[in-house]
Visitor: 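Sending over a structure as C-alpha cells; questions will come in a sec.
Each chain gets a letter, A, B and so on, in the order the sequences are listed, and its residues count up from 1. Hydrogens, waters and symmetry mates play no part in the numbers below; they use all other heavy atoms, side chains included.
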Amino acid sequence: SQELEQSPQSLIVQEGKNLTINCTSSKTLYGLYWYKQKYGEGLIFLMMLQKGGEEKSHEKITAKLDEKKQQSSLHITASQPSHAGIYLCGADKGYSTLTFGKGTMLLVSP
Amino acid sequence: KAGVTQTPRYLIKTRGQQVTLSCSPISGHRSVSWYQQTPGQGLQFLFEYFSETQRNKGNFPGRFSGRQFSNSRSEMNVSTLELGDSALYLCASSVHGTGEETQYFGPGTRLLVL
C-alpha cells in the first residue's frame, strides 16, 4: 500500500522566515493534496497537484510536485503566526480515498 | 455556499454504547468520505459513498458502518464502542468523487469513549 512520509515532523520558525515541508511517497503520485489543520479542527484545503513538475502558489504558500511524481514540497515565504498549524499531505487512491502523511506541526514564533 | 457540516461536534459515550454521526455535504456534492483521526494512527480512511452506494471501504471492523441518503447526507454508526474509538471523525465531500476533484472537509466530530 502507498505510504506518505512527511518531514520534518515539527518545526519552529521565527516570524518572517521561510520554511519547506516535504512529502515523499513510496509509489507514484497521481494526485497530491496539501491541507492545513488547526488542532482538533477540520482540514482546510490548500492545493492539489497532479502533473509532474507542477507548481502552484496561493498567497505566500507554494507547492511543487517533482517530475517523477514521488515527492512534493510545500514552501512558505515570510512566515506569519497565521501559518501555524498542522500541514498534511494526502495522496489520491481513487473514489475520493485519500491516504495521508502523519503531518508536520508548524509553530511560528513572534 | 455553505461548507460541509457535521453534527454533533462533541460527543461523550461509554464503552459498549453505539453512536451515530451525521455529515451534510456541500450542496451539489454527491460523494461523501469518512475519516478517523487519532494521535497514534493519524488520518485513516473509513468509507466512501456516492449516490447512496458504498464504493470503497477502509480497513476497519464491521462495528463501523455508514449510509448515504438520497439528498447526499451521510451518517456513520459505530456499535459496541471501545476506548480506542475515541477520535476526531471527519467527513469530506466532493462532486463526483473522482481523483481530479478537491475534497472539502467538515469541522469534525470529536468522540470520547469512557
Visitor: For chain A, which of B:Gln103, B:Gln44, B:Glu48 has the most heavy-atom pairs under 4.5 Å?
Guide: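 Among the listed options, the one with the most contacts to chain A is B:Gln103.
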Visitor: Is it the case that atom CZ in B:Arg63 sees more than 12 heavy atoms from other parts of the structure closer than 6.0 Å?
Guide: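 Enclosed.
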Visitor: What part of B:Ser94 is in contact with chain A, defined as an atom under 4.5 angstrom from a non-hydrogen atom: side chain, backbone, both or neither?
Guide: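 Contact with chain A is through the side chain of B:Ser94 alone.
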Visitor: How close do A:Tyr33 and B:Thr102 get, heavy atom to heavy atom, and via which atoms?
Guide: CE2-CA, 4.0 Å
Visitor: How long is the gap from CZ on B:Phe105 to OH on A:Tyr35, to the nearest 0.5 Å?
Guide: 5.0 Å
Visitor: Please check if the number of heavy atoms outside A:Lys38 that lie under 6.0 Å from its NZ is greater than 12.
Guide: yes
Visitor: Side chain, backbone, both or neither: which part of A:Leu88 has a non-hydrogen atom closer than 4.5 Å to chain B?
Guide: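 For A:Leu88, the side chain is the part near chain B, not the backbone.
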Visitor: Quick check against the 3.5 Å criterion: does A:Lys102 have a side-chain atom that pairs as donor or acceptor with the backbone of B:Gln41?
Guide: yes
Visitor: Could you tell me which non-hydrogen atom of A:Gln37 sits nearest to which non-hydrogen atom of B:Leu88, and how far apart they are?
Guide: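 So the two residues come closest at NE2-CD2, 3.8 Å.
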Visitor: What part of B:Arg110 lies closer than 4.5 angstrom to a heavy atom of chain A: side chain, backbone, both or neither?
Guide: side chain
Visitor: Where the side chain of B:Tyr35 meets the backbone of A:Leu98, is there a donor-acceptor pair that is under 3.5 Å apart?
Guide: yes
Visitor: Could you tell me whether A:Glu55 atom CD has more than 12 heavy atoms of other residues or ligands within 6.0 Å of it?
Guide: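 Check passes, neighbour count above 12.
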Visitor: In terms of heavy-atom pairs under 4.5 Å, which option from A:Gly101, A:Gly90, A:Gly103, A:Gly42 contacts chain B the most?
Guide: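 So the answer, after comparing A:Gly101, A:Gly90, A:Gly103, A:Gly42, is A:Gly42.
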Visitor: In the single-linkage hydrophobic clustering (I, L, V, M, F, W, Y; side-chain heavy atoms under 4.5 Å), do A:Leu11 and A:Trp34 co-cluster?
Guide: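 Same cluster.
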Visitor: Once rounded to the nearest 0.5 Å, what's the spacing between atom CG of A:Leu43 and atom CG of B:Leu43?
Guide: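 The CG atom of A:Leu43 sits 6.0 Å away from the CG atom of B:Leu43.
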Visitor: Taking atom CD1 of A:Ile12 as the centre, report whether more than 12 heavy atoms of other residues, nucleotides or ligands fall under 6.0 Å from it.
Guide: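 Open.
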Visitor: Answer yes if B:Tyr49 and B:Val95 sit in the same cluster of Ile, Leu, Val, Met, Phe, Trp and Tyr residues linked by side chain heavy atoms under 4.5 Å apart, and no otherwise.
Guide: no
Visitor: Would you say that more than 12 heavy atoms from the other residues, nucleotides or ligands in this model lie under 6.0 Å from the CD of B:Glu52, or not?
Guide: yes
Visitor: Please say whether more than 12 non-hydrogen atoms of neighbouring residues, nucleotides or ligands are located less than 6.0 Å from NZ in A:Lys68.
Guide: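 For A:Lys68, atom NZ is not crowded (no more than 12 foreign heavy atoms under 6.0 Å).
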